[in-house]
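What follows is a single structure, written as structure tokens, with notes after it.
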Amino acid sequence: MSEVVQRSSEVSGGSSRSSAIATALDRLIRAPALRGRADRRVLPAGTLELVGRADLDGCEAWARAFAGCRKDHRYYELVQDTIEPRFEHLYLLIRDERGTTCAVQPAFIVDQDLLAGTGRHVAHIAARVRNLWPRFMRLRTLMLGCAAGEGHLPGTGAALRAASARVLASKLAEHARKLGVSLIVLKEFKAVYRDALACFAAHGYTRVPSMPMTRLDIHHASFDDYMRHALSRSARKDLRRKFKAIDEVYPLYLQVYQRSSLRFEKLTRQYLCELGRRMPDRARFFVWRQQGRVIAFSLCMVHGDAIHDEYLGLDYAVALDLHLYHYTFRDIVSWAIARGYRWYCSNGLNYDPKLHLRHRLDPLDLYVRHTPYLQLATSVVLIAIAEVLLKQGAVVTAAGEDAAIFGTAALASAATWAGIALYAVSFLSWMHVLRQLALTEAFALSSLTQIAVPLAALMFLGEVVSPTRWAGITLVLAGILLVAVPAARAEERL
Amino acid sequence: MTAFALVLCVLCQVVLVAGQLLLKHAMNATHHLPRPWLAIVGNGAAGIGLLSVWFFLWLGLLRDWDLSRLYVFEGLGPPLLVLGAWFFLGERVILRAWIGMGLIGCGVALVSVG
């Protein structure tokens with residue numbers, strides 16, 4: 001089981017406690033500090049506690065945490081048991097002021113590579129930096145939500161979800177500090193939660209868009225009817241042309257996984273087996289064969305009036321020639337229409353064919369909060385890169401102004417302008433740091449540029465930094481650390 | 001490093017610190033009501049002007065000298081602030097600050113000659 005810093009002292013259990021929990025929910029929702037326009041600095045009456053999976057045995061609030069969602073508590077347990085990489089899974093008990101557990105929010109800790117998904121050039125530079133500094137742009141991150149899917153707030157009513165969100169917003173950072181994480185992310189919450197999660201903004205979180213899911217209205221009599229009414233003539237013709245072409249399921253999934261440039265969770269054989277066993281009411285598997293050989297499969301989940309196409313596996317030896325993706329889409333939609341489903345939902349990525357098929361985007365949000373030290377590190381890195389670019393700009397235009405004091409000719413270089421832009425971004429980043437850190441501390445820590453810039457010059461400009469120069473840099477660094485506090489005070493008064 | 005380049009490096013940092021302080025004064029003045037526009041515009045323009053001078057001086061220096069050598073002079077910023085408070089506001093400079101400024105001075109000298 002994953003390691004959890006704090007353990008529960010008491011977890012509610014037993015069906016006889018239903019009425020007590022209902023009262024607790026009412027208390028949490030009606031707590032004075034949670035109502036209406038309460039002062040955001042006043043902590044909500046609820047408390048938050050971190051526990052492990054074993055502590056949830058018999059916890060009624062956990063059993064019905066996501067009862068209204070297609071991925072209920074069974075799915076979270078399944079993900080913890082089967083998904084790779086093995087994240088550190090933990091659970092946040094949201095309690096009222098009397099200590100009764102009202103809701104449970106799952107979370108996990110992941111060692112996040114901030115440069116994942118960037119281009120080959122950036123990855124190459126990052127690899128060089130990581131030879132010296134292995135943790136460069138890697139952050140221990142606490143993620144709220146589901147490791148394999150979008151996130152949801154626990155509870156069945158909007159009031160409880162809003163109250164839970166307020167407790168999480170006010171208390172989560174404190175737990176994150178104890179867990180030693182630098183970044184908190186609310187992973188992929190649907191737009192319907194925006195009102196409930198708006199309170200996170202007051203606690204330093206920023207909402208940023210994630211890659212959206214897609215949703216297609218399949219309220220049609222048949223797949224042909226859908227094509228006739230939803231698609232243009234040319235799209236229909238193209239799709240029909242593709243349809244003229246036409247236990248090894250897991251390797252097919254691996255093929256799709258390995259082709260993707262953006263990877264997060266990796267399914268296991270065990271995941272596929274267990275999903276069918278533990279959630280037979282929700283899981284649906286579709287398999288396509290050619291001459292007896294499995295060439296495609298799709299894992300779907302059904303809930304309410306929607307079918308969710310969760311994961312796809314394709315044999316790429318034939319997939320592109322046979323347009324297998326479109327076959328899987330047609331067959332799943334036909335199956336869903338025949339059973340009266342209204343919506344076909346799909347995960348992010350591979351947007352081009354989906355938009356041609358008239359899918360609509362279904363926004364997902366990330367709510368992100370990080371420590372000021374990360375922002376400070378960002379400023380330092382940006383300054384180092386900016387200085388390298390300015391130096392390159394000055395050097396490539398040097399022929400035009402041999403003896404001039406001012407280096408105005410450098411403005412002709414794109415590198416100079418890129419350096420200026422990065423300096424502007426680092427300035428904004430620095431302003432953000434000053435909102436969260438004392439000036440004296442920020443002043444001292446910013447002296448790290450004295451190390452970062454020569455290192456950047458060494459790595460990217462090929463400058464030779466002699467031992468004497470390093471000694472001088474070390475003296476300057478030590479001097480700045482000593483003079484930082486009086487200098488910051490002087491700066492405030494001047 | 002030539003004496004002229006050394007003077008330019010120090011001058012560069014003086015201009016940078018002065019420009020930043022003037023900009024800060026201009027920004028702070030925007031919080032006062034009624035807004036002292038003369039001070040805002042005057043300090044703002046002077047600040048931007050000085051920062052422009054710093055920027056082009058810096059580019060000129062970067063053209064001729066190693067970045068790893070020049071950047072050490074950025075370390076002169078904090079001592080200049082402390083000395084500015086001492087000179088303009090008559091504030092006492094504590095021993096710790098003197099030691100820090102001494103170390104920075106030694107470091108800059110070492111890099112200049114090394």
Side-chain angles (χ1 to χ4, degrees), chain A residues 383-384 387-388 390-395 397-398 401-402 404-411 416 419-420 423 443-444 447 449-450 452-458 461 463-491 493-494, chain B residues 4 8 11 17-18 20-21 24-25 52-53 55-89 91-114:
Chain A
I383 286 173
E387 288 289 352
V388 167
L390 291 180
K391 169 73 178 170
Q392 284 179 334
V395 168
T397 55
E401 45 171 24
D402 284 343
I405 293 174
F406 294 111
T408 49
L411 291 179
T416 304
I420 293 170
Y423 246 115
F443 227 95
S447 64
T449 53
Q450 288 291 337
V453 172
L455 273 179
L458 182 78
L461 299 172
E463 288 185 8
V464 179
V465 185
S466 65
T468 311
R469 198 175 291 178
W470 277 123
I473 290 167
T474 308
L475 283 176
V476 169
L477 189 64
I480 292 175
L481 292 176
L482 279 176
V483 87
V485 174
R489 287 183 187 144
E491 201 270 347
R493 283 191 288 271
L494 273 168
Chain B
F4 183 61
L8 277 183
L11 178 68
V17 170
Q20 286 174 337
L21 287 176
K24 190 188 87 167
H25 279 283
S52 303
V53 171
F55 182 68
F56 289 116
L57 271 176
W58 187 246
L59 284 179
L61 286 164
L62 279 174
R63 183 191 57 213
D64 300 328
W65 301 97
D66 278 357
L67 173 61
S68 56
R69 183 194 288 266
L70 281 182
Y71 198 78
V72 173
F73 287 86
E74 290 276 328
L76 291 175
L80 285 171
L81 284 169
V82 175
L83 291 175
W86 169 69
F87 187 79
F88 292 109
L89 304 178
E91 289 190 357
R92 198 171 65 86
V93 180
I94 60 172
L95 178 64
R96 171 184 166 153
W98 283 118
I99 296 172
M101 290 192 289
L103 286 174
I104 292 170
C106 291
V108 168
L110 207 56
V111 170
S112 306
V113 299

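All chains are named by letter (A, B, ...) in the order of the sequence lines, taking the proteins before the strands, and each is independently numbered beginning at 1. Below, all heavy atoms of this structure are taken into account, side chains as well, without hydrogens, waters or symmetry copies.
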Heavy-atom proximity to chain A below 4.5 Å, by part of [X]:
X       : result
B:Val93 : neither
B:Trp58 : side chain
B:Leu57 : both

Let's test your reading of the structure: which of [options] forms the most heavy-atom pairs below 4.5 Å with chain A?
options                             : result
B:Leu67, B:Ile94, B:Ile99           : B:Leu67
B:Phe55, B:Phe88, B:Trp98           : B:Phe55
B:Lys24, B:His25, B:Glu74, B:Met101 : B:Lys24

(message) Looking at chain B, which one of A:Thr449, A:Val483, A:Leu411, A:Val453 has the largest number of heavy-atom pairs inside 4.5 Å, strictly under?
(response) A:Val453
(request) Just give me the residue among A:Ala457, A:Gly479, A:Gly393 that pairs up with chain B most often, heavy atom to heavy atom, under 4.5 Å. (result) A:Gly479
(request) From the options B:Leu110, B:Val72, B:Val108, select the one residue that forms a side chain to side chain contact (heavy atoms under 4.5 Å, CB included) with A:Ile473. (result) B:Val72
(message) I need the A:Glu463 CD to B:Trp65 CH2 distance, nearest 0.5 Å.
(response) 12.5 Å
(message) Within the structure provided, determine whether A:Leu494 and B:Leu81 are in side-chain contact (heavy-atom separation under 4.5 Å).
(response) yes
(message) Taking the side chain as everything from C-beta on, heavy atoms only, tell me whether A:Phe406 gets closer than 4.5 Å to B:Val53.
(response) yes
(request) Output all residues satisfying side chain to side chain contact (heavy atoms under 4.5 Å, CB included) with B:Phe4, sequence neighbours left out; order by chain, then residue number. (result) A:Ile405, B:Thr2, B:Leu8
(message) Is it the case that over 12 heavy atoms from other parts of the model lie below 6.0 angstrom from the CH2 atom of A:Trp470?
(response) yes
(request) Begin from the C-alpha positions of A:Leu475 and B:Ile104 and carry the test side-chain contact (heavy atoms from CB on, under 4.5 Å) through to its verdict. (result) CA-CA 6 Å; A:Leu475 283 176; B:Ile104 292 170; over 6 Å; no
(request) Let me know if A:Ile420 has heavy atoms under 4.5 Å from chain B in its side chain, its backbone, both or neither. (result) side chain
(message) Please classify the contact between A:Thr416 and chain B as side chain, backbone, both or neither, with a heavy-atom cut-off of under 4.5 Å.
(response) side chain
(request) Please report the closest heavy-atom contact between A:Ala490 and B:Ala85, naming both atoms and the distance. (result) CB-CB, 3.6 Å
(message) If I compare all heavy atoms of A:Pro486 with all of B:Val82, which pair ends up nearest, and what's the gap?
(response) C-CG2, 4.0 Å
(message) Would the distance check show the side chain of A:Glu387 and the main-chain N or O of B:Tyr71 forming a donor-acceptor pair, the cut-off being under 3.5 Å?
(response) no
(request) Check side chain to side chain donor-acceptor pair (under 3.5 Å) between A:Arg469 and all other residues, then give those that pass, not counting sequence neighbours. (result) B:Asp66, B:Ser68
